[in-house]
Amino acid sequence: GRGDAALTNQGWKDSGDSVMYRDGELARPPIALCEPQGYLYASWRQVSRLAAMLGHRRVSARLAREASALKKRFNRDFWMETDGFVALALDGQGRQCDVISSNPGHLLGTGILDEAKAEAVANRLMGQQMFCGWGIRTLSAGERAYNPMSYHNGSVWPHDNALAVEGLCAIGRTADAHAVMRGLFEAARHQPDLRLPELFCGFPPAGSGGPVRYPVSCVPQAWAAGSMLQMLTACLGLVPNGKRKELRVVRPSIPSWLGTVTVTGLRVGDGSVDLRFDCAGDRTSCQVLASRGGVRVVVQ
C-alpha cells in the first residue's frame, strides 16, 4: 500500500485528533505513545522468565537488560515532573505531548513505572477531572482539547477502563478498582440490553439520568463485553502455573456489592478447579469447592 496511507496515530486511540499538546495543537509524527512502551516492557520481562525456564540463559539475561534499560529511559523521558503524571506520547522531536489522558492507566499493571510514579498516576486517574462517575475519561476535563462528546478526547471506553482496573488491582488500589467497576456496572444497567457499549460520553452522572449515549457507538462490541470479565479476573488475583499444576490466589478482593462469585471449571494445565469467593465488609475469602487433575490451590 501507499506509504502516506498509514494512520498517523498508531495506537488504540487512532483518530487523527487524539494526540495533542497542552495548547491543543496536534502532535507532529512520528509519535511514540506511552502505553506501547509498557506493553513492550512487560513482554520482555515475561519472555525473559520463560526463556530462563526453558534453559535459554543468555536470551533471558539479554531481555532482562533491555527491559531494565527501557524502564529507565521511559521514567526519564515520559514523566512530567510538574504534573506528576506520564505524558501521553513523545513526538518526532522527543517533545512531550503534555496532556493528562487515560493512556497511562494501561501502564499500572506492566511494572514499567517506578512505585511512587504509579501511585501518582492512580491518584490522578481517580480525580474528578478524570473519573466522571461512570468511568475514567480518555482525556482530563481540565485540558483545552477536552470534549465529553468526542471519540477519544473526553469520552469513556470500557476496555480502556478495564486495563486501568487491572493495573489498580496490581498495585493494591482495590478500592479505586471497585469504584471504576461500579461505575461501569451502573452504566451497563442503563442500557436496554444490559450491554456495555463501545464508548459513551464523559458527562458526570449528576443530572444526566444515565450515561449519555455516543451516537455511533458499537453495541455489542467484543472488547467492551469482555471488560467486565477482565476487571473481575483482576479482582480475583488468579496466578496459574500449568507446569507445576498450581494456582495461587493472591489477595483476592471482589466488590462488596457482588457478594459472592463462583468460578467453575477453571483450567490449570490439564486439570481444573472450582472456586467460591465471598465478600464480607472489606475482606474476601476464597473456598476451593473442587480440584481435578492434581491441581494445588494456594490462597495468599
Side-chain angles (χ1 to χ4, degrees), residues 38-64 67-68 71 106-113 115 118 122 159 162-178 180-181 185 222-223 225-300:
Y39 304 156
L40 180 59
Y41 173 81
S43 297
W44 277 344
R45 293 283 296 170
Q46 292 291 344
V47 176
S48 173
R49 295 187 186 103
L50 180 61
M53 290 174 59
L54 296 174
H56 303 299
R57 297 181 183 274
R58 289 184 180 178
V59 173
S60 176
R62 175 175 59 82
L63 290 174
S68 179
K71 180 172 182 173
H106 295 212
L107 301 171
L108 294 177
T110 67
I112 196 171
L113 289 174
E115 185 175 346
H159 91 277
L163 287 164
V165 164
E166 194 170 66
L168 288 168
C169 288
I171 66 172
R173 301 282 292 256
T174 53
D176 291 330
H178 294 172
V180 177
M181 288 180 67
F185 180 74
W223 65 358
S227 61
M228 270 296 176
L229 296 177
Q230 182 179 5
M231 291 187 287
L232 178 59
T233 301
C235 290
L236 299 182
L238 305 175
V239 183
N241 187 320
K243 182 179 180 181
R244 296 174 56 182
K245 285 192 174 182
E246 180 181 273
L247 174 67
R248 289 190 296 129
V249 183
V250 182
R251 299 186 303 276
S253 179
I254 62 173
S256 58
W257 44 272
L258 272 181
T260 297
V261 173
T262 303
V263 181
T264 59
L266 181 64
R267 295 296 299 271
V268 181
D270 56 3
S272 65
V273 298
D274 300 342
L275 305 173
R276 171 177 167 141
F277 298 85
D278 291 288
C279 181
D282 60 352
R283 296 181 61 84
T284 296
S285 61
C286 175
Q287 179 183 358
V288 181
L289 302 178
S291 176
R292 295 168 287 272
V295 178
R296 178 171 175 257
V297 180
V298 179
V299 181
Q300 297 176 273

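Classified by interplanar angle (parallel below 30°, tilted 30° to 60°, perpendicular above 60°), the ring pair His106/Tyr39 is tilted.
Leu50 contributes atom CG, which lies 12.0 Å from atom OG of Ser43 (distance to the nearest 0.5 angstrom). Distance check, rounded to the nearest 0.5 Å: CG of Leu168 to CE of Met231 gives 11.0 Å. The distance from atom NZ of Lys71 to atom CG of Leu40, rounded to the nearest 0.5 Å, is 14.0 Å. With values rounded to the nearest 0.5 angstrom, Cys169 atom SG is found 10.0 Å from Asp176 atom CG. With values rounded to the nearest 0.5 angstrom, Arg45 atom CZ is found 5.0 Å from Arg49 atom CZ. Between atom CG of residue Leu113 and atom OH of residue Tyr41 there is a gap of 10.0 Å, rounded to the nearest 0.5 Å.
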Return all side-chain donor-acceptor pairs below 3.5 angstrom for residues 245-258, not counting sequence neighbours, or 'none' if the list is empty.
unit_1, atom_1, unit_2, atom_2, d
Lys245, NZ, Asp270, OD1, 3.2
Lys245, NZ, Gly293, O, 3.1
Glu246, OE1, Arg296, NH1, 2.8
Arg248, NH1, Gln300, OE1, 2.9

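The nearest pair of heavy atoms linking Gly265 to Asp274 is N-OD1, 2.7 Å. Between Cys286 and Leu275, the closest heavy-atom pair is SG-CD2, 4.2 Å. In terms of heavy-atom proximity, Ala51 sits nearest to Val59 at CB-CG1, 4.1 Å. Heavy-atom minimum distance, Ala118 versus Ile171: O-CD1, 4.0 Å. Across every non-hydrogen atom of Cys279 and Gly281, the tightest pair is SG-O, 3.4 Å.
Remark: Val263 engages Leu236, Val261, Leu266, Phe277 in a side-chain contact (heavy atoms from CB on, under 4.5 Å) (not counting sequence neighbours). Residues that satisfy the side chain to side chain donor-acceptor pair (under 3.5 Å) test with Ser60, not counting sequence neighbours, are Ser48.
Taking a 6.0 Å sphere around CZ of Arg244, one finds it holds 12 or fewer heavy atoms contributed by other residues, nucleotides or ligands.
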Between Thr233 and Gln230, does a side-chain contact (heavy atoms from CB on, under 4.5 Å) hold up when you go through it step by step? CA-CA 5 Å; Thr233 301; Gln230 182 179 5; 5.8 Å; no
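Donor-acceptor pairing under 3.5 Å is recorded for the side chains of Asp278 and Thr260.
A side-chain contact (heavy atoms from CB on, under 4.5 Å) with Leu289 holds for exactly one of Thr264, Thr262, Val273; it is Thr262.
In this structure, Ser68 contributes its side chain and Ala64 its backbone to no donor-acceptor pair below 3.5 Å.
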